[in-house]
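Some notes on the structure that comes next.
Every chain is numbered from 1, with letters handed out A, B, ... down the list of sequences. This structure is a prediction, so every number in the text was calculated from the model and none was measured.
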Amino acid sequence: MFMESFVDALYLAFSPEVILYVAIGVLMGVTLGAIPGLSGDMAIAILLPIVFFLEPAAALGLLTGIYKGGMFGGSISAISFGVPGTPGSAATAIDGYQAKLKGYPNKALNTALYSSVIGDTTSDFVLIFLALPLAIVALTFGPVEFFALYAFSLLLISALTKGKVAKGVAMAALGILLAMIGRDPIGGSLRLTFGIPALSGGLALIPVLVGIFAVSELIIQLGRAWMARAQKIADETRKRAESLLGDYDPAKDKLSFAEFRATWRATSIGTTMGTLIGALPGAGSSLAAFISYGLAQRFSRNRDEFGKGSLEGVAAAEAGNSATSGSTLIPLFAFGIPGSATAALFGAAFILMGMTPGPRLIYDHTEVIYALFLILIYANLINLVFSHFLLPLYSKIAMIQSRILLPIVCVLAILGTFAAGNSVIDVWVLLFAGLLGVVLRLYSFPLAPLILGFIVAPGAERALRQSLLIGRGEWTHLFSSPIAIGLYATAAIMIITFTFVLRERK
Amino acid sequence: MNHKTTILNGTAATAAAAMMAIAPTLVAASPLGSDPIRLVIPFGPGGGSDITARVLSATAPEFCGPRIDVVSMSGAAGLEAVNFVRNAEPNGHTLLVTDYGPIVTSGFVDDVDWSHDDWQPVMNFTEWLPTVYTRNDHEIQTIEDWVAAAEAEPGTITFGHASPLGLVHLPLILFEMETGLENVHVPTSGGGETRSLIMGGHIDLGMTLPPSIASEVASGELTALGVFSEERSPVLPDTPTFREAGYDVVLPAWLMIFATSDVPAETVEFLQDCFMEALASPTAVAMSDRVNAGIEPMTAAQSTELYRGTVESIGNILRDIGEID
């Protein structure tokens with residue numbers, strides 16, 4: 001029975017049409033993911049109706065290809081322009097862009113590719129072999145446990161930037177404040193909208209992300225002629241970037257095996273955290289990337305390199321981001337619960353093809369699901385091969401003068417932002433976030449904690465208030481779960497240990 | 001195994017669908033020009049409303065003439081979509097596809113410059129029946145269990161619903177008003193989160209729409225307690241209505257197409273006719289069955305009656321709980 005289905009699945013998964021759809025999907029995904037504002041999820045949403053007319057294996061191949069390509073594509077613009085192409089690659093931008101400024105975009109891109117594929121493949125195997133046990137663990141995460149996880153991640157990231165802990169915490173707080181604009185998730189009343197109806201839905205993630213990272217960079221570059229302070233900062237950036245224009249030597253910018261091996265620990269941390277966090281319904285790939293980045297920095301031998309172009313930083317963030325891709329489908333397969341936007345879209349695709357997501361899925365549609373498992377694995381190989389040949393081209397694009405490149409990126413960002421929600425307000429949010437980003441950059445506030453705060457706040461607030469509702473207003477309810485206590489204890493131990501370790505080193 | 005042939009058929013069908021969208025057949029005596037019709041939905045892509053609207057956009061061009069696009073605008077909690085349709089030219093080319101939340105509830109509680117009379121229904125896709133459910137090993141398994149437990153210890157049963165005052169929250173409020181029971185209301189980010197909280201044992205009960213739990217109820221993993229509707233749900237035939245249990249609480253949700261009230265009557269009638277025709281076509285019926293959309297179209301007149309009724313009952317609930325005066 002098993003062998004029979006497996007052989008059928010092999011035929012399905014490796015038929016030329018399906019391979020072609022996977023390849024088309026990967027190419028589309030990489031391209032869309034590389035454009036700030038556009039993401040693989042959006043392409044999947046747009047292509048959903050077509051799924052109805054396709055044979056299931058081909059449709060799943062196309063969607064899987066887009067999804068995986070998009071996951072990696074986001075890191076291309078994160079590294080090349082310092083603009084995360086997708087929310088998941090926000091953490092990649094921290095070290096990836098610094099690496100590019102130092103003149104080795106190719107190394108950073110290759111590190112991102114390899115760690116991304118390793119994380120993704122591992123996660124797919126976990127989905128195939130460990131879906132049920134992990135899903136049961138994931139269900140034990142209720143509001144109390146989620147709040148502990150969110151608190152843990154906020155502590156970890158805000159306290160990252162060495163010597164700037166206060167600024168990091170302040171930025172996380174600002175991110176949380178921005179996320180609170182709109183409707184109160186529990187009471188339903190409006191808050192912080194200042195009577196502007198357009199703000200009642202809150203600020204969307206993509207315009208905030210792209211504005212803070214991309215638009216602010218452009219404004220700084222433009223503004224350097226007028227503003228003395230901007231002059232100073234932009235000059236530093238330009239000097240580092242321009243000094244490379246003439247003498248950028250692709251031959252020197254090759255990732256050696258030894259260099260990649262040095263990122264192994266970071267890649268493993270990212271893969272583990274990404275797989276675990278991906279399996280939790282509602283946690284998301286950006287959270288996984290940030291936690292992986294934070295932990296990799298804590299456990300790295302070259303902690304000081306983080307934030308200055310560390311390949312380990314790139315590897316941890318990308319492995320963490322991509323390792324959610326297989327495991328995010330676990331709650332969908334085990335219980336029919338869509339754990340993320342992507343899982344919801346895959347769920348919608350299953351429904352469109354007449355298959356109901358849930359534990360029966362694998363028994364009712366054995367061949368198709370086995371075929372999907374095979375596609376999940378070999379799509380990574382296709383992604384690896386395509387991207388491997390395209391990367392030299394991307395690194396050359398990355399080294400085009402930024403005054404030519406940035407306006408193009410910004411136009412793409414504005415178009416992408418508008419296309420994502422068909423909303424003019426989002427474009428205004430994008431521009432205002434850009435202005436905010438300028439101010440924060442001028443005073444050298446770290447941007448990553450702000451983004452993490454913004455991403456984590458809605459979930460954290462909901463989890464906190466749900467916990468208090470369920471615990472009937474007793475704060476002690478927050479400590480009613482061993483998992484939560486474990487997370488708080490780990491956070492406390494880490495902070496204490498690292499404070500002492502850092503002191504001793506100085 | 002005939003997968004090879006079906007793949008080719010699939011490709012051909014995709015191509016055909018794409019051609020259909022690119023080259024619309026022109027229908028005589030249409031009050032519509034050749035500009036595309038936009039179905040604006042106030043939600044993100046991929047959800048039930050989106051999928052249902054796409055069944056129409058894939059099948060109706062043949063009957064209505066112009067191409068039909070589904071445009072998703074979830075900004076400002078859906079109000080952006082409503083305002084966009086409101087401010088569009090009243091020629092029947094820009095229509096709103098929504099449940100009662102962004103139009104009936106928002107019309108009451110939000111600061112908007114339109115009233116419920118500024119909208120006219122074109123047709124109704126379907127009625128959704130809010131359903132209370134829990135896990136199969138929970139001590140509450142019926143409406144009677146719930147009432148008994150809530151009477152024994154008021155304010156202890158935790159009840160998960162999506163956003164406050166939404167489609168799967170208002171029926172709970174109505175039920176509590178009717179019975180005087182008290183539960184702990186736990187808002188969630190949506191049906192997926194409600195379900196994982198129930199299955200993980202973090203909350204007791206939850207509310208959702210039948211298609212999303214039908215297969216788990218059939219396999220016995222989840223128990224559906226009751227449905228807030230006049231009749232039982234076709235996908236949950238064994239689940240009683242609250243009315244059967246002796247509680248006259250009925251608050252079905254719907255998914256309607258709206259035009260602004262200044263769109264000429266003959267345009268609305270033309271749209272109603274060609275939409276209904278399209279949804280009766282074999283392709284549309286097949287698509288609807290596959291996606292479990294349960295499309296049972298209603299005419300503009302029937303929909304208007306339903307819309308007015310909903311405006312009245314939601315208004316009463318919101319006044320009773322002090323949300324509006």
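The candidate from B/G155, B/A286, B/S57 with the greatest count of non-hydrogen atom pairs under 4.5 Å with chain A is B/G155. With respect to chain A, the highest number of heavy-atom pairs below 4.5 Å among B/G200, B/S189, B/G201, B/S219 belongs to B/S189. The candidate from A/G142, A/G459, A/G188 with the greatest count of non-hydrogen atom pairs under 4.5 Å with chain B is A/G142. Among B/E193, B/E221, B/E323, B/E216, the residue with the largest count of heavy-atom pairs under 4.5 Å with chain A is B/E193. Ranked by heavy-atom pairs under 4.5 Å with chain B, the first of A/P143, A/A59, A/G182 is A/P143.
Nearest heavy atom pair, residue A/L139 against residue B/H202, reads O-NE2, 2.9 Å. Scanning all heavy atoms of the two residues, the minimum distance from A/S200 to B/L79 falls at OG-CD1, 4.4 Å. In terms of heavy atoms, B/P164 sits closest to A/G187 at CG-C, 4.0 Å. Summarising the geometry of B/T188 relative to A/R462, their closest heavy-atom pair is C-CD, 4.1 Å, with the distance given to 0.1 Å.
Here the CG atom belonging to A/L190 is positioned 9.0 Å from the CG atom belonging to B/D111, to the nearest 0.5 angstrom. Taken to the nearest 0.5 Å, the OG atom of B/S74 stands 8.0 Å off from the CG atom of A/D426. Here the CG-OG distance, from A/D184 to B/S163, works out to 11.5 Å after rounding to the nearest 0.5 Å.
For a residue to count as touching a neighbouring chain, one of its non-hydrogen atoms must lie under 4.5 Å from one of that chain's; by this rule B/D110 touches chain A with the side chain only. With a 4.5 angstrom heavy-atom cutoff, A/F350 does not touch chain B via any of its atoms. Heavy atoms of A/A204 lying under 4.5 Å from chain B are absent altogether. Looking at A/R472, only its side chain comes within 4.5 Å of chain B, counting heavy atoms on both sides. Residue A/V144 does not touch chain B at all, counting heavy-atom pairs closer than 4.5 Å. Only the backbone of A/T140 comes within contact range of chain B, with at least one heavy atom under 4.5 Å from a heavy atom of that chain. In this structure, the portion of B/V184 lying under 4.5 Å from any heavy atom of chain A is its side chain and not its backbone. For A/P458, no part lies under 4.5 angstrom from a heavy atom of chain B.
The side-chain heavy atoms of A/I470 and B/I203, taken from C-beta on, include a pair separated by under 4.5 Å. For the pair B/T158 and A/Q466, the minimum side-chain heavy-atom distance is 4.5 Å or more.
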